[in-house]
> 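This is the structure I have questions about; it appears just below.
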Number of protein chains: 2
Amino acid sequence: MAGIREIAEMTGLSVATVSHVINNTRQVSKRSRELVEKAIEETGYKPNRAARMLRTQQSKTMAMIIPRVRPGMSTNVFFMDVLSGAKDYLQTKGYNMIVSTYTEEEGEGTDELRDLEVLKQQWVDGILIVPNKKKQTLFADVMESGIPFVVIDRLVTDIPSPCVCSDNVSAAHKAVKLLYDSGKRRIGYIGGSPDSFTGHDRYQGYCDGLAACGLMLDETIVSLSQKHTVRSGSEGAEQLLEHQADAIFVANDVKAVGVLKALNQRGVKVPEDVGVIGFDDYEWMEISSPPLTTIRQSPYLMGQEGARLLLRRIEDPNCTERIVLETEIVRRRSHGKGE
Amino acid sequence: MAGIREIAEMTGLSVATVSHVINNTRQVSKRSRELVEKAIEETGYKPNRAARMLRTQQSKTMAMIIPRVRPGMSTNVFFMDVLSGAKDYLQTKGYNMIVSTYTEEEGEGTDELRDLEVLKQQWVDGILIVPNKKKQTLFADVMESGIPFVVIDRLVTDIPSPCVCSDNVSAAHKAVKLLYDSGKRRIGYIGGSPDSFTGHDRYQGYCDGLAACGLMLDETIVSLSQKHTVRSGSEGAEQLLEHQADAIFVANDVKAVGVLKALNQRGVKVPEDVGVIGFDDYEWMEISSPPLTTIRQSPYLMGQEGARLLLRRIEDPNCTERIVLETEIVRRRSHGKGE
DNA sequence: TTGTATGCGTTATCAC
DNA sequence: GTGATAACGCATACAA
């Protein structure tokens with residue numbers, strides 16, 4: 001592999017000059033520049049990242065840390081899309097990316113620790129992290145590491161860090177409103193534990209929405225469960241049915257699948273008897289019967305924006321820009337006739 | 001950050017000795033070893049990867065190259081699971097991993113080129129690649145790069161490389177057999193283009209299965225389409241229905257979703273009128289009605305084995321071990337009553 | 001069993 | 001505008 005030295009010899013210039021034209025780091029005569037560029041072209045020279053890294057103490061590599069439900073399983077598709085967005089963006093800026101997952105359940109894999117070691121070895125220049133309330137120590141470690149980071153998919157206000165997330169509150173609010181406009185008056189809620197970030201916000205939006213519609217919160221038609229499973233959706237639906245819900249806002253499409261399943265099995269007509277709105281718009285929701293009305297987020301964009309913010313944060317350590325992405329409500333059939 | 005030098009001073013030993021105990025690379029007195037280990041413990045010393053890399057010319061980083069349908073979208077869940085398996089395994093061996101995606105459609109993103117540059121800069125010690133017939137140049141570049149690689153999810157026999165894949169042929173064969181045992185006699189096929197690797201093998205297995213059951217291949221109940229979409233599944237189903245198929249083996253669960261959708265809409269009873277078997281067992285297939293009988297692969301294991309093979313290949317450049325993973329047929333309801 | 005010294009390919013600090 | 005040259009932190013050939 002050709003090195004900077006060869007180029008210097010070829011051109012009759014010094015390594016210093018060569019380095020400087022490569023990095024645009026000081027004035028260079030036009031002639032020298034052209035000479036060097038030509039030589040680089042001919043030799044196919046590429047700077048050695050390891051050497052550069054050793055010298056500059058930065059790796060041109062970012063890390064993304066995302067949760068997965070349990071070891072031996074991959075993370076959910078939503079985060080994969082976020083990842084793609086971030087990766088694509090960073091690539092255009094000359095950065096690599098490594099991805100690290102952690103398990104939500106406590107005490108499980110000790111895997112994540114090893115990754116953090118890597119980060120601490122000045123390997124990564126920045127971190128995109130999706131924190132989790134159950135794994136606070138990881139987040140604490142990241143904060144303490146001194147490595148620039150931005151928080152993804154959670155709105156943080158208590159620490160001066162940039163973040164990007166969806167507007168979960170208003171999304172849920174909109175959903176309730178739409179159900180109301182479809183004539184529903186006993187609008188129930190099925191969602192995740194409110195002490196998860198998104199779970200909290202969506203529940204909040206649900207409550208706001210009820211209030212805005214002049215409806216009372218009735219806890220008998222609210223089902224909160226940590227499990228992101230089809231089954232828990234079905235169970236929730238059965239509970240709500242017993243208490244005469246005529247609409248259900250499900251804060252998660254996996255659960256929405258369970259809800260529809262339960263409803264169909266019992267012969268409940270959707271949306272006539274019970275309106276349903278989901279959250280996430282996974283591709284495969286097409287198949288549901290009836291087609292599910294759901295909230296669509298922009299995971300790819302979220303990744304891009306997160307990456308952009310991270311780069312900014314590195315340049316300006318005081319940057320605390322917070323981006324809240326709008327959601328879109330995809331009207332199919334399950335919500336009813338409301339516009 | 002403490003360096004090897006500090007440790008040498010602390011212990012009164014030379015850097016050489018310290019280095020050697022760290023790498024177990026030559027005999028060291030027990031006393032020295034303990035001294036060094038203690039010092040490392042105290043200081044929290046971690047070797048600097050950049051320096052090590054520069055010195056040894058290897059990065060302790062692997063790459064995984066996987067397809068995605070189009071730019072701006074993430075790859076499918078199957079490969080994400082493969083990725084997790086590989087990553088977890090490599091992590092235990094002290095390797096990092098970077099993942100690179102390429103788009104299947106020709107001429108789209110030029111993204112992948114940039115990643116290949118990186119690989120060629122002696123960055124990665126090895127590559128896990130999921131090749132694609134439509135993107136032969138990429139694969140050719142990888143082969144030519146001289147970097148050790150193993151092929152994932154495709155059985156290669158024409159080149160002396162290790163690979164790991166599922167036994168697609170026998171999986172399809174088994175599916176046909178099961179449909180036959182359920183009393184079906186006009187067993188159709190809906191799958192991907194036979195000039196994709198897996199598409200070819202699954203179609204092959206379908207034909208084998210028919211033959212083994214004494215059934216004739218009837219092309220009017222075969223639908224081949226490149227598109228991995230729900231819609232293409234529905235279209236295929238309609239075609240097959242017109243030609244009196246009484247069973248359908250669908251070589252892909254996304255399409256299976258479309259098939260069920262079409263069948264349900266037309267009031268065709270599954271499995272009584274038409275038996276259906278899918279391929280992949282995505283988690284969300286639970287929701288289908290009726291529950292889908294499908295072929296389950298082991299993506300996570302595939303990733304692990306691929307990583308293991310890669311490590312072996314690096315040690316022994318002549319290693320050409322080929323692993324074919326068994327599949328499991330998950331009997332739910334859609335196939336009929338066969339055992 | 002241990003130590004000394006060199007170089008991996010860059011960037012950056014001087015001096016010119 | 002340009003050129004020597006010293007680090008960056010480690011692994012290793014060679015000496016002892």
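Below, read A as the first sequence line, B as the second, and so on, with proteins coming before strands; counting in each chain starts at 1.
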> Look at B:Arg5 together with B:Glu9 and state whether they make a salt bridge at an N to O cut-off of under 4.0 Å.
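B:Glu9 and B:Arg5: not salt-bridged.
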> Over how many whole Å does the gap from B:Ile4 atom CD1 to D:dT12 atom P extend?
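That distance rounds to 11 Å.
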> Provide, to the nearest angstrom, the distance between the CG atom belonging to B:Leu35 and the P atom belonging to C:dG3.
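Distance, rounded to whole Å: 11 Å.
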> Examine the base of D:dA7 for any acceptor or donor lying under 3.5 Å from a partner atom in the side chain of A:Arg55, and report the outcome as yes or no.
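Check passes, donor-acceptor contact within cut-off.
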> Measure the distance from NZ on A:Lys60 to P on C:dT11 and round it to the nearest whole Å.
11 Å
> Roughly how far, to the nearest 0.5 Å, is the CD atom of A:Glu305 from the CD atom of A:Glu321?
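Spacing of CD (A:Glu321) from CD (A:Glu305) equals 8.0 Å.
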> Main chain of A:Arg52, side chain of A:Thr56: is a donor-acceptor contact present, judged purely on distance under 3.5 Å?
yes
> Choosing from C:dT11, C:dG9, C:dT10, which nucleotide comes nearest the side chain of A:Thr56?
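The closest nucleotide is C:dT11.
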> Under 4.0 angstrom, heavy atoms only, what part of the nucleic acid is B:Lys30 near: base, sugar-phosphate, or nothing?
nothing
> If I take atom CD in residue B:Gln27 and atom C1' in nucleotide C:dT1, what distance separates them, rounded to the nearest angstrom?
9 Å
> Flag the pair A:Glu42 and A:Lys38 as a salt bridge only when some basic side-chain nitrogen lies within less than 4.0 angstrom of an acidic carboxylate oxygen.
yes
> Would you say the side-chain atoms of B:Lys46 pair up with the backbone N or O of B:Gly3, donor to acceptor, closer than 3.5 Å?
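It does not hold such a pair.
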> Given that B:Arg26 and B:Arg49 both sit by DNA chain D, which one's nearest nucleotide is further toward the 5' end?
B:Arg49
> Distance check needed: D:dC10 C1' versus B:Lys46 NZ, whole Å only.
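So the NZ-C1' distance, B:Lys46 to D:dC10, works out to 16 Å.
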> Tell me which residues in residues 5-23 of chain B put a heavy atom below 4.0 Å from DNA chain C, sorted by number, or none.
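Only B:Gly12, B:Leu13, B:Ser14, B:Val15, B:Ala16, B:Thr17 qualify.
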> Any donor and acceptor pair, going by atom type alone, linking the side chain of A:Thr17 with main-chain N or O of A:Leu13 inside 3.5 Å?
no
> In whole angstrom, what separates B:Glu34's CD from C:dT1's C1'?
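Distance check: B:Glu34 CD to C:dT1 C1' gives 15 Å.
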> Under 4.0 Å, heavy atoms only, any strand: does A:Ser32 hit a base, just the sugar-phosphate, or nothing?
sugar-phosphate
> Return the value, rounded to whole Å, for the distance between atom CD of B:Gln57 and atom P of C:dC8.
9 Å
> What is the distance, rounded to the nearest whole Å, between atom CG of A:Leu54 and atom C1' of D:dA11?
13 Å
> What are the two closest non-hydrogen atoms of B:Cys319 and B:Arg313, and how far apart are they?
O-NH1, 2.7 Å
